[in-house]
Each structure stands twice: as C-alpha cells, then as structure tokens.
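Remember, it's 1-based here, ligands and their atoms both numbered in the order they're listed.
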Amino acid sequence: MSETKRVLSCIQPTGDMHFGNYFGAVKNWVKLQQTYTCYYGVVNYHAMTMPYNPKKLRNNTWELIFNLLSTGIDHERLFIQSLVPEHAELSWILNCFTSYGQLTRMTQFKDKSAQSGEQGGEGFISAGLLNYPVLQAADILIYRPSFVPVGKDQEQHLELTRNIAQRFNNQVGKEYFILPEPLFTEVPKVMSPADPTRKMSKSAGDKHYINLFAEEKRIRKQVRSAVTDTGDTPEGEMSAGVRNLFELLKAGEAMDAYQSLQSDYEAGALKYVDLKDAVADTLVGISEQVRARRAELDANKKEVKQQIKASTAAIRKEAQQTIAEVKDLAGLMNVRF
Ligand code: AMP
C-alpha cells in the first residue's frame with residue numbers, strides 16, 4: 001500500500017483567531033487530516049519580519065496552538081517552527097538557490113514594504129521581509145509534501161518554492177525535492193461585518209473581525225450591527241453585506257436556515273433581523289463548541305504543552321533526515337544524528 005500523500009500548511013501566530021481564519025483555512029485543515037498525512041506549522045520565525053513585540057510573540061504562539069487544538073487539529077500533526085531549527089538552516093541553503101530579482105518582485109514584499117512606514121516601522125524594511133518566501137520554501141520542502149493548500153495570495157510563493165526546488169535539483173543533479181502542487185479547495189472569503197467590501201481581518205481593527213472564541217454577547221452584538229445595505233447596490237443585486245451574512249450561514253453549514261432565508265429573499269420578504277439571528281445562532285453554536293474544548297485544554301495546560309513539544313520533536317526527526325540529505329547533496333559536512 002502506498003503512503004498517504006502529505007500536505008503541509010502553516011499559520012503565523014498573530015493573536016486572535018477569527019471566523020475568517022476558521023472558515024477560510026482552519027476548518028479545511030481539520031478536514032484534510034482525514035485524507036492526508038498533514039503537517040501544520042505555527043510559524044513563529046515568520047512573525048518577526050515586521051516590527052513586533054517579543055513578549056507577545058511567545059504568548060501568541062501558545063495561544064494559536066491552543067486555539068488550533070480547540071478546533072479539532074490533531075496534536076500529532078502540529079509543530080512549532082522555532083523548535084525545528086532545521087527550517088532556518090535549510091532556508092540559508094535555499095537562499096543560495098534563489099534569484100534575488102524574483103524575491104524583490106514578490107507582490108507581498110512590495111505591499112508590505114510599502115506599508116512598513118505607515119505601521120510604525122519608521123520605514124524600516126528588514127531583510128527578513130525580503131527573504132521570508134525562502135524560509136517558507138524551506139518550511140514546505142523540508143517535509144517533502146505533495147500538496148500545499150493555497151489561497152490566491154499565496155500562489156506566487158508556491159511557484160517560487162517550486163522554482164527553488166527545481167534549481168536545487170538541477171544543480172545537485174538529482175530529482176531530490178518533490179515539486180509540491182497547490183491544493184485548491186473551495187473556501188469562503190469572509191468579509192468584515194463593519195465593512196462588507198473588505199476582508200474580515202485583524203489589521204483593520206476590532207470591529208472588522210469576529211473572534212471565534214468571543215463571548216456569546218459580543219458575537220450577537222457584532223452580527224446584529226453588521227452592515228446590510230448601504231444603499232449603493234445596483235437594482236436586483238444582493239448587497240455585499242447581505243451576501244456575506246448568507247455566506248456565513250453556508251460556511252457554518254446551517255443549510256436549512258440558509259435555504260428558507262434564501263426563499264424569503266427571492267420572494268422579496270427577507271427580514272434582515274431573521275437573517276442576522278440565524279447567523280448569530282450559527283456562529284455562537286460553533287464558538288460554544290470550540291470554547292468548551294479550549295476550557296478543557298486550559299485545565300491541562302502543562303500536559304498540552306508537553307504534548308506539542310513531543311509532537312514537534314517527532315516531526316523534527318523528518319526535518320533532520322531531509323537536512324542531512326540536503327547537506328550531503330550540497331557538498332556540506334554533516335552532523336550525524
Ligand atoms: P492570516 O492570519 O491573515 O495570515 O490568515 C491565516 C489564514 O486564514 C490564511 O490561510 C488566510 O487565507 C485565512 N484567512 C484570513 N482572513 C480570511 C478571510 N477574511 N476570509 C477567508 N479566509 C481568511
């Protein structure tokens with residue numbers, strides 16, 4: 001029997017997890033575990049590319065681990081990047097197989113370096129910001145996955161990863177790295193309740209995201225005050241706000257409510273308050289489940305942290321195997337594990 005195909009995906013520890021992250025990424029990760037051998041990394045090295053607070057980084061890293069476990073991610077599939085220092089080592093090696101010009105043309109580098117002055121970075125652009133797609137290539141290639149789930153914004157980075165892998169393979173004369181394929185899964189794009197023309201995100205401020213772990217009262221309040229119709233929607237079209245509320249119902253798998261409210265909409269009889277109540281009930285239901293699981297995990301904090309350190313150590317063995325082979329191929333002396 002052939003080995004189950006591997007999938008690799010990573011997430012940065014940047015604080016609260018919102019329904020956009022959950023419906024747009026994490027829920028899919030939970031599902032992928034049934035079909036693939038998954039590697040899910042909490043990539044704390046990546047959270048350093050822009051000016052950041054070191055004290056917060058450590059807390060955010062554990063916070064994200066606990067949140068991911070609460071959503072149903074299996075602890076054996078999770079690792080913390082900085083506990084696998086081979087990522088950084090491979091990153092250096094791969095830097096030498098990466099085109100500098102290609103890095104400077106990355107859309108995210110261009111966007112983020114333009115933003116850095118505005119966000120208190122005083123115009124400081126770290127070399128890490130330029131190089132982080134190489135670290136990302138190392139994160140991926142070190143586990144030799146067949147697939148990487150990607151959204152549109154990450155397609156360019158996966159292409160770079162494939163270019164780097166190809167260049168390495170060519171230069172060492174061996175098809176060593178598997179060129180990972182993108183795994184496109186249909187995931188919703190969740191919009192901000194306060195401005196449904198923009199993505200739900202933390203960076204825009206508190207009212208632009210609904211925390212997956214928020215108190216019921218807060219979730220209901222945010223849904224109740226969600227923008228429905230700003231009056232500039234063309235005749236006969238569903239407004240962005242209403243569409244987003246329907247999307248949330250669908251994403252939360254509240255299909256009965258979705259269908260009956262769609263029928264109301266088509267008949268011109270939709271009451272926004274009914275739609276909002278249904279969305280709030282759905283989100284609160286999901287939130288209650290993850291919060292209950294989170295409370296259990298919080299009651300065993302020490303054990304959970306130990307488990308994650310152990311799963312990281314097991315995953316690290318695979319990274320060590322890869323780095324040893326890569327160093328051999330690259331003509332570097334090796335530490336034997
Ligand atoms: P971020 O914290 O922005 O790096 O996002 C982590 C993951 O959540 C990425 O896979 C994003 O594509 C996904 N994500 C973030 N915001 C949204 C959103 N509003 N709708 C759908 N997916 C999202």
Holding to ring pair (Phe, Tyr, Trp, His ring centres under 6.0 Å), I want the full list of residues that pass it with F79, two or more places apart in sequence or in another chain. H87, Y143

Close side-chain approach of Q81 and D139, heavy atoms under 4.5 Å: yes

Could R144 and F177 be counted as a cation-pi pair, given that NZ or CZ must be under 6.0 Å from the ring centre and within 45° of the axis? no

Any pair counted as side chain to side chain donor-acceptor pair (under 3.5 Å), so long as it reaches residues 189-202, sequence neighbours left out: T14-K202, S192-H208, D195-T197, S201-S203

Can you produce the list of protein nitrogen or oxygen atoms under 3.5 Å from a nitrogen or oxygen of ligand 1, alongside each distance?
from, atom 1, to, atom 2, distance (Å)
ligand 1, 5 (O), N21, ND2, 3.3
ligand 1, 8 (O), N21, ND2, 3.2
ligand 1, 19 (N), V190, O, 2.7
ligand 1, 19 (N), M200, N, 3.3
ligand 1, 19 (N), M200, O, 2.9
ligand 1, 20 (N), V190, N, 2.9
ligand 1, 22 (N), G20, O, 3.1

Atom CD of Q289: over 12 foreign heavy atoms under 6.0 Å: no

Considering residues at least two apart in sequence or located in another chain, which fulfil the ring pair (Phe, Tyr, Trp, His ring centres under 6.0 Å) criterion with Y176? none

